[in-house]
Undergrad: 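Got a structure for you, written out below as structure tokens; questions coming shortly.
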Amino acid sequence: MELRTLEYFVAVAEEASFTRAAARFHLAQPAISQQIRSLERELGEPLFERSSRRVRLNPAGEALLPYARRMLADASAVRAEFAARSGLLTGTLALGAVDGVEHTELPSVLGAFHRHHPGVGVRLIGGTSAELIGRVRQGTLDAAVVALPREPLEPALRAEVLLRDEVVAVRPAAEVPAGHAELPLTELDGVPLITYAPDSGLRPHLESAFRAAGAEFRPLTETNDVALQAALVLAGIGTALSAGTDRALRDDDRLVLLPLRPRVHYAKALVWRTDPAPVAPLRALLALRGQEVTLR
């Protein structure tokens, strides 16, 4: 089983298209199709459900995907480790990122990382906090920037906070009386709410805060897109509960941001595994932030 063939398989799975997967590698679509058919013959069963409109993994493909990602990650780690031993760091850093990481230190850290290690590629993978933490745990991501859960992380995971923020209430400026400084959660009981979907890392923080305040938490509209949350507020649908640092809110004088009472704080952090030890590119990234990296 060739690593390159597994790369093609993962690309088709992620793109849900042979054509887009081929474009990722600057190849013709038939070349990718041929490699996937070869892999299917080797494994003895199809890996995708194919139709004229889309391509998606079947159960066999779903079973293979985590193994393929792990094998590719391990191969990349081996190459990077031995390149680092020779003094030239190469390879790829697979980094997960939730929405809103542009407001953290991550862009500047990655800028410094690129200047120090131009031979290392960085692949940014989007997702929700729970999903990305799971992939770090499984080893298919080297690290991820996520909203930290309310419960402590397990001992094999470490976290370094990149941003401390709070959730605020967002209302049209025309509807907020002058001098209105904050909004008690109890005043939102029964108010149409626009906020994050259940898969968001901020959702448990909100649910817990409302529960502690004795207020009912029943969102009318759910989206993880803060710009859309703001647009829905301006459309008169309700009050949004959104991340206070998001520029989609800060740059619009038609909106007023009100701190909640009690405050709903959260943190975005870089999360990585310490067992097994971080790969060489991740060790280099952590070194830029002055982290002490435990090696086995």
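These numbers come from the heavy atoms of this one structure, side chains and all, not from hydrogens, waters or symmetry mates.
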Undergrad: Could you work out, with side-chain hydrogen bond (donor to acceptor under 3.5 Å, both in side chains) as the rule, every residue matching Glu2, not counting sequence neighbours?
TA: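 Glu2 satisfies side-chain hydrogen bond (donor to acceptor under 3.5 Å, both in side chains) with no other residue.
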Undergrad: Thr5: what forms a side-chain hydrogen bond (donor to acceptor under 3.5 Å, both in side chains) with it, not counting sequence neighbours?
TA: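 By the side-chain hydrogen bond (donor to acceptor under 3.5 Å, both in side chains) rule, Thr5 matches Gln35.
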Undergrad: Going by an N to O cut-off under 4.0 Å, is there a salt bridge joining Arg50 and Glu40?
TA: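 Result for this pair is yes, salt bridge flagged.
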Undergrad: Evaluate the criterion side-chain contact (heavy atoms from CB on, under 4.5 Å) for residue pair Leu241 and Val264; output intermediate values, then yes/no.
TA: CA-CA 10 Å; Leu241 300 177; Val264 181; over 6 Å; no
Undergrad: Residues two or more places apart in sequence or in another chain: which of them pass salt bridge (charged side-chain N to carboxylate O under 4.0 Å, His left out) with Arg37?
TA: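 Result, salt bridge (charged side-chain N to carboxylate O under 4.0 Å, His left out) vs Arg37: none returned.
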Undergrad: To the nearest 0.5 Å, what is the distance between CZ (Arg211) and CG (Leu185)?
TA: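 Those atoms lie 12.5 Å apart.
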Undergrad: For Ala197, does its backbone N or O pair with a side-chain atom of Asn224 as donor and acceptor, under 3.5 Å?
TA: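 Side chain of Asn224 to backbone of Ala197, a donor-acceptor pair under 3.5 Å: yes, one is there.
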Undergrad: If I take atom CZ from residue Phe210 and atom CG from residue Leu260, how far apart are they, to the nearest 0.5 angstrom?
TA: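 Rounded to the nearest 0.5 Å, the CZ-CG separation comes out at 7.0 Å.
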Undergrad: Taking all non-hydrogen atoms of both residues into account, name the closest pair between Val233 and Ala240 and its distance.
TA: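 Closest approach of Val233 to Ala240: CG2-CB, 3.4 Å.
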Undergrad: Please check this pair: side chain of His205 against backbone of Glu166, looking for a donor-acceptor N/O pair closer than 3.5 Å.
TA: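 It does not hold such a pair.
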Undergrad: Between Thr274 (side chain) and Ala156 (backbone), is there a donor-acceptor pair under 3.5 Å?
TA: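 A pair under 3.5 Å: yes.
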Undergrad: Under 3.5 Å, side chain of Arg171 to main-chain N/O of Thr239, donor-acceptor pair present?
TA: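 No; judged by distance alone, with no hydrogens or angles, the pair does not exist.
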Undergrad: Donor-acceptor pair, distance only, cut-off 3.5 Å: does the side chain of Tyr196 make one with the backbone of Ala243?
TA: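 Yes; at least one donor-acceptor contact below 3.5 Å.
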Undergrad: Show your reasoning for whether side-chain contact (heavy atoms from CB on, under 4.5 Å) applies to Leu110 and Leu285.
TA: CA-CA 8 Å; Leu110 290 180; Leu285 181 74; 4.1 Å; yes
Undergrad: Could you tell me which residues satisfy salt bridge (charged side-chain N to carboxylate O under 4.0 Å, His left out) with Arg56, sequence neighbours excluded, listed by chain and number?
TA: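 Glu49.
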Undergrad: Run the ring pair (Phe, Tyr, Trp, His ring centres under 6.0 Å) test against Tyr266 and tell me which residues pass, sequence neighbours left out.
TA: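 Scan of Tyr266 (ring pair (Phe, Tyr, Trp, His ring centres under 6.0 Å), adjacent residues dropped) gives none.
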Undergrad: Check the pair Leu282, Leu93 against side-chain contact (heavy atoms from CB on, under 4.5 Å), reporting the backbone distance first and the verdict last.
TA: CA-CA 7 Å; Leu282 179 57; Leu93 179 66; 3.9 Å; yes
Undergrad: Taking it one step at a time, do Phe48 and Leu57 satisfy side-chain contact (heavy atoms from CB on, under 4.5 Å)?
TA: CA-CA 4 Å; Phe48 293 96; Leu57 291 170; 3.3 Å; yes
Undergrad: Please name all residues satisfying salt bridge (charged side-chain N to carboxylate O under 4.0 Å, His left out) with Glu151, sequence neighbours left out, ordered by chain then number.
TA: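 Counting only residues at least two positions away or on another chain, Glu151 forms no salt bridge (charged side-chain N to carboxylate O under 4.0 Å, His left out).
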Undergrad: What heavy-atom pair brings Arg203 and Phe217 nearest, and what distance separates the two atoms?
TA: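 Closest pair (atom of Arg203, atom of Phe217, distance): NE-CE2, 3.1 Å.
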Undergrad: Could you name each residue pair satisfying salt bridge (Lys or Arg N to Asp or Glu O under 4.0 Å) that touches residues 138-149, not counting sequence neighbours?
TA: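 Sorted result for residues 138-149: empty, none.
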Undergrad: Any sub-3.5 Å donor-acceptor pair from Glu42's side-chain atoms to Met1's backbone N or O?
TA: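 Present.
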Undergrad: With a 3.5 Å cut-off and no angle check, do the side chains of Asp199 and Thr128 form a donor-acceptor pair?
TA: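 There is no such pair between these side chains.
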Undergrad: Applying side-chain hydrogen bond (donor to acceptor under 3.5 Å, both in side chains), name anything that partners Glu187, two or more places apart in sequence or on another chain.
TA: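 Applying side-chain hydrogen bond (donor to acceptor under 3.5 Å, both in side chains) to Glu187 gives none.
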Undergrad: Might you point out which heavy atoms bring Val136 and Ala143 nearest each other, and give the distance in Å?
TA: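 The pair with the smallest heavy-atom distance is CG2-C, 3.7 Å.
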Undergrad: Nearest heavy-atom pair of Leu255 and Leu249: which atoms, and what distance?
TA: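 Closest approach of Leu255 to Leu249: CD1-CD2, 4.2 Å.
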Undergrad: Test salt bridge (Lys or Arg N to Asp or Glu O under 4.0 Å) on Glu14 and Arg123 and set out the steps.
TA: CA-CA 13 Å; Glu14 291 178 345; Arg123 187 178 178 208; 2.3 Å; yes
Undergrad: In the structure I gave you, are the side-chain heavy atoms of Leu270 and Leu286 within less than 4.5 Å of one another anywhere?
TA: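 Yes, side chains in contact.
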Undergrad: Determine whether Val55 and Leu27 fall in the same hydrophobic cluster, where Ile, Leu, Val, Met, Phe, Trp and Tyr are linked whenever their side-chain heavy atoms lie under 4.5 Å apart.
TA: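 Per the 4.5 Å side-chain linkage, Val55 and Leu27 are co-clustered.
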Undergrad: So, applying side chain to side chain contact (heavy atoms under 4.5 Å, CB included) with Leu124, which one of Val101, Val145, Leu95 is it?
TA: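 Between Leu124 and the candidates, side chain to side chain contact (heavy atoms under 4.5 Å, CB included) is satisfied uniquely by Leu95.
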Undergrad: Within the distance-only criterion (no hydrogens, no angle test), does the side chain of Arg20 pair as donor or acceptor with the backbone N or O of Glu15 below 3.5 angstrom?
TA: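 Looks like yes, one N/O pair under 3.5 Å.
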Undergrad: So for atom CZ, which belongs to Arg164, do other residues, nucleotides or ligands contribute more than 12 heavy atoms lying within a distance under 6.0 Å?
TA: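 Not buried by this count: 12 neighbours or fewer within 6.0 Å.
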Undergrad: With sequence neighbours left out, which residue pairs that include part of residues 90-102 fulfil the salt bridge (Lys or Arg N to Asp or Glu O under 4.0 Å) condition?
TA: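 Not a single pair qualifies under salt bridge (Lys or Arg N to Asp or Glu O under 4.0 Å).
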Undergrad: Salt bridge or not for Glu207 and Arg150, using N-O below 4.0 Å?
TA: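 Between Arg150 and Glu207 there is no salt bridge, as every charged N stays at least 4.0 Å from the carboxylate O atoms.
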Undergrad: Rounded to the nearest 0.5 Å, how far does CG of Leu132 lie from CZ of Arg137?
TA: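 One gets 11.5 Å once the value is rounded to the nearest 0.5 Å.
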Undergrad: Grab the two heavy atoms, one from Thr195 and one from Pro219, that are nearest each other, plus how far apart they are.
TA: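 That closest heavy-atom pairing would be CG2-CG, 3.8 Å.
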Undergrad: Taking atom CG of Asp246 and atom CD of Gln229, what is their separation to the nearest 0.5 Å?
TA: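 The CD atom of Gln229 is 8.0 Å from CG of Asp246, to the nearest 0.5 Å.
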Undergrad: With sequence neighbours excluded, what pairs up with Tyr67 under the ring pair (Phe, Tyr, Trp, His ring centres under 6.0 Å) test?
TA: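 Result, ring pair (Phe, Tyr, Trp, His ring centres under 6.0 Å) vs Tyr67: none returned.
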Undergrad: Do side-chain atoms of Ser242 reach the backbone of Val226 as a donor and acceptor pair under 3.5 angstrom?
TA: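 Judged by distance alone, no pair lies under 3.5 Å.
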Undergrad: Give the table of side-chain donor-acceptor pairs shorter than 3.5 Å for residues 112-120, with sequence neighbours excluded, one pair per line with atom names and distance.
TA:
from	atom 1	to	atom 2	distance (Å)
Arg115	NH1	Gly111	O	3.4
His116	ND1	Ala112	O	2.8

Undergrad: Between Leu6 and Met71, which heavy-atom pair has the shortest distance, and what is it?
TA: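 Leu6 and Met71 have their closest heavy atoms at CD1-CE, 3.7 Å.
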Undergrad: How long is the straight-line distance from CZ of Arg70 back to CG of Leu65, given to the nearest 0.5 Å?
TA: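 Leu65 atom CG to Arg70 atom CZ measures 10.0 Å (nearest 0.5 Å).
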Undergrad: Residues two or more places apart in sequence or in another chain: which of them pass side-chain hydrogen bond (donor to acceptor under 3.5 Å, both in side chains) with Glu45?
TA: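 None.
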Undergrad: Could you measure the distance from the CG atom of Leu148 to the CG atom of Leu163? Nearest 0.5 Å is fine.
TA: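 Rounded to the nearest 0.5 Å, the CG-CG separation comes to 10.5 Å.
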